[in-house]
Every structure is written in C-alpha cells, then in structure tokens.
Amino acid sequence: MSDALRITDFGILADAVLGLGADDRAGEPMTAADMEAFELAAAALDLACESGADEPMPDRIRVSLDTAAEQFAASSVADRPEVISRIGHWATWGGWLTAAAAVLVFSSMIVRPPAMNPTSAPTAVLMTDRQQDARSGEWSDWALGSEGPEIAGVTGAVVWSESAQTGYMRFSDLPQPAGDDSVYQVWVIDSRGLADADGRSERISGGTFTAATAQRDPETGEFIVPVMPAINVQGAAAFAVTIEDDGGTWVSDLSRRLVIAELAS
Amino acid sequence: MTSRAGEASKTISRSKRATKGRSVAQATDTILQRVAAGEAGAAKECLDRFGGLVWSLARRLSYNESEAEDAVQEIFLDVWKSSGRYDPGIASETAFVAMIARRRLIDRRRRQSRRPTEQVIPDGATIAGVTAGEQYERCEEAKVAAEALSELTEDQQRVLKLSVYHGLSHEKISRATGLPLGTVKTHARRGLMRIRERLANDEASSNASSNGGAA
C-alpha cells in the first residue's frame, strides 16, 4: 500500500469514516496508512458497541462461500498479488479471477455477468466438437408448472464439453424479446439444480447475448453462441436460457424463460 | 492530515517495524496468514471463525437482507485477497476482518445511496444508550475502544455510535439528535481520533512490554 496516496484518493471512505466533507478535506493530505488507522479504530468501536452474539450465517450463503473458498484455495499462490491496494490494481488480479468468479457466480452480486464474446463462436464450436466427452441436448420450451416460456417454439441445441470447459448453443431463431433493453442469458444447471422444482438452486450464469451479438452459421442460418463460463463447471446436466434486463443478472427470478435442454448422458 | 492523525499513523508504523520479528514468528498461528500461504482449508476455517461476525455486520449495515447476502460474498473475497498483508503486530484478526467488512459495507452503501431506500433511525432509547456491548472481549482493540468511548462526552458518544455502529449519515444524526451538522462532524472526527490514539498507545505499550520481556 503506497503511503504517497492522499486523502483525495479515499474521499468516499474518509467522508464515511471521519465525517469529512470535501470542504473539510481541502489541503489535508492523508496517507493510506492514516486512513487505515482510522478504519481500524472505527472497526474496534463497532465491535465494542455490539451487545449481542453474532448471528449465524445462513446455510445457503455458507454453501456458496465454501465453493468460493475451494476455488480460492485452488488458485495459484504465485498468481496472487503481493500487495493489495484498497483502490485496486486490476492489472495484477489475473490469478484471482477464478476465485472472484466463483463468488460472483455463486452469489447474487450486483456486478453484472459477462456478455458473450461473439468472435469466439467458431473457436468454441471447433474446440467443443473435437472433445470426446462432448454432450448435447435439444432445446425445448422452458415451462414452469402451467406457465410456458415468454417466447415459444425456439429450437436448436447446446453442445458442452466438461473437459474443455467450453460449449456452444445453436438457435433456429433469436427473436427480439419485449423491451428494448432485454438480453438473453444462459444458465448452467447441475444435477442438483435439475432435481429442484424450479431450478433456482445450483444455477450458474454462462453470460448474456443477443441476436445482434450472436454469429450466424453461413450454411444453416442458425444463430451460434459460445458458452464459456467464468468458473470451472463440474457436473453440468442442463442448460437453460432466460430473458433478463440489459446486463443480465446473477439471480434470475425465472419469470421470463426461453428454452431448456438436458444433456444426453 | 491532522497532526493527531499523523502521530497515530507514525506510531502504527513504528510499532509495525518493532513487531516485525514477532509477526514472522506468529505466521503459522493466524488463519489469515495461512490463507495467504495457500494452506488447504484455511479459507474455510476463516469462514468458520468470522462468518458470524461478518454476517452480523452485513445485516446491520445493509439496507436489507438481500444486500447483506451480496455484501458477505464480497467481504470474504476481499478478506482472502487481503490476507497477505495482515500483520498480527498491528491488529487482531477480528479487528482486521471487521475493518475490511466495514470498508466494503460503507462502499456499498455509498454506491447505493442514489437508490431510494428506507433507513430506520434507531429509536430514542437506542440513541441515548451508548454502553459498550459485552462482545468487546473478543479482541483487545474493542476493549480499548470501549474504554476510550467511555471517556468521551455524552454527545460525542451518541454521535460516534450512531455514525460508526448504526451507519447513519451525519445529516441524519443531526436530525435525530438535534445537534448542528458541524457539531456532529466535529464529534465524529475528534471521537474517532481519540480512539485511534488510544489504540496506538495501547499497541505501543504492548510492543514495549514484548520487547522488554524478550530482552
């Protein structure tokens, strides 16, 4: 952590921790160490004021954090940044992406899921098709109970290779859903998710896409969309597509469903 | 930077250097340092140890439970990432984790401040009550902070608790207590400086004792 940083770098935290407004802070340099010393004081005071016992963390959160912890532990120690700045030097975070993605995907963070990279579709097809463990499944309308999908009749298939951790989806059509800001979002579901009545649990975002970002197969005219989850996927049993607001979501309410496909065993 | 804050920071720096050897010796004893070393199971052990603390902080300082759930995920990732710079010569693990948790929670609240939200102002009894809780025994810093808090004026105690513990903005504290905004800011700043100084002095004393004992 650089001591050369000045208070202007910590404006938000300084305001929150010290109650200093912009006017108050004018001309008052503060180092990162200064700021952290005050943060530590505030934390100590917070702990001192706590009058009750800690509330146990809900099991569902603990489960997702256990997964993230495993991903974190598996990441290369050598890749971890030696010094972590509060401001964050994103360029040094490469080795952390696996663990970070685990938290991002398994939780309901407000950070938006990644969009698909349209240029990687041909590569995804080649990579997936040559894998011996590639499995596929045909799309069918995703109904929940008596409620059908928002758009019915979309056909195609998904192909997935667990060993290569890549796959692709084919769609006969990708009609523009209602709402100018709507996008499609793909979800990877494992066997536990399939056993869940509404598929809410154990569902991992595979990214967002639209008809505009998808590539067209020159021969069939189908839309081709790669699947490249940000984290290691184990035990994928099905893929599904929902319609979400622009940017996607980490937790879908499944109110706008499109298709679902179980992978052949 | 104020001179008092500067002195406190210098004290921290001095004590960090003085306890460097002790930190190395303790490296295998702390969860966070084992997390930083990539020890299998250490990250989960971190969850075992601090899960309740972080969840409680997140519940209290988040606008709703959903936000708290999101925050907990962020916090632990940050704790693991930051484990490499944890120094037991500067802070206890509990205080370090609480500091990171609060940093994340404050940052999230600031980011979300543009959203329409409901915030419950503590009732009058809570505002008046500033007795330190019984949980401060879980780390030395909390005990020192409780002692320092008790030495402040009643208004300073009220403002600090509403600001730090309840996470209220100074504007809200001003409305809740009837104190002028400038007074609220002054109380918050000076009160926290006082606690910071006490922590630094306590740390320096501990280090002096440790060094003396070693000699």
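As the structure is a prediction and not an experimental result, all values here were calculated from the model. Just so we're on the same page: letters track the sequence lines, and every chain starts at 1.
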For B:A40, is it the side chain, the backbone, both or neither that has a heavy atom under 4.5 Å from a heavy atom of chain A?
neither
Rounded at 0.5 Å granularity, tell me how far CE in A:M57 sits from CZ in B:F50.
12.0 Å
When heavy-atom pairs shorter than 4.5 Å are enumerated against chain A, which of B:G52, B:A68, B:A43 gives the highest number?
B:G52
For B:L57, is it the side chain, the backbone, both or neither that has a heavy atom under 4.5 Å from a heavy atom of chain A?
side chain
Nearest atoms (heavy-atom pairs only) where A:A48 meets B:A145:
CB-CB, 4.2 Å
In Å and rounded to the nearest 0.5 Å, what is the CG to CG distance from B:L47 to A:L65?
5.5 Å
Go through B:K143 and A:L47 one step at a time and tell me if the side chain to side chain contact (heavy atoms under 4.5 Å, CB included) criterion holds.
CA-CA 9 Å; B:K143 184 178 180 180; A:L47 293 169; over 6 Å; no
How long is the gap from CG on A:D54 to CH2 on B:W55, to the nearest 0.5 Å?
12.5 Å
Which heavy atom of A:C49 sits nearest to which heavy atom of B:Y165, and what is that distance?
CB-CD1, 3.5 Å
On a heavy-atom basis, the closest approach of B:Q73 and A:S64 is NE2-OG, 3.0 Å
Chain A contact via B:R60 - which portion, at a heavy-atom distance below 4.5 Å:
side chain
Could you measure the distance from the CG atom of A:D46 to the CZ atom of B:R102? Nearest 0.5 Å is fine.
4.5 Å
Please classify the contact of B:E45 with chain A as side chain, backbone, both or neither, using a heavy-atom distance under 4.5 Å.
neither
As an exercise, state the distance from CZ of A:R62 to CG of B:D48, rounded to the nearest 0.5 Å.
4.5 Å
Scored by heavy-atom pairs under 4.5 Å with chain A, the best of B:A98, B:A58, B:G41, B:C46 is B:A98
CG (A:D59) with more than 12 external heavy atoms under 6.0 Å
no
Closest heavy-atom pair, B:M99 versus A:L40, reported as atoms and distance to 0.1 Å, is SD-N, 3.8 Å
Here the gap from B:K44 atom NZ to A:D66 atom CG, rounded to the nearest 0.5 Å, amounts to 4.5 Å
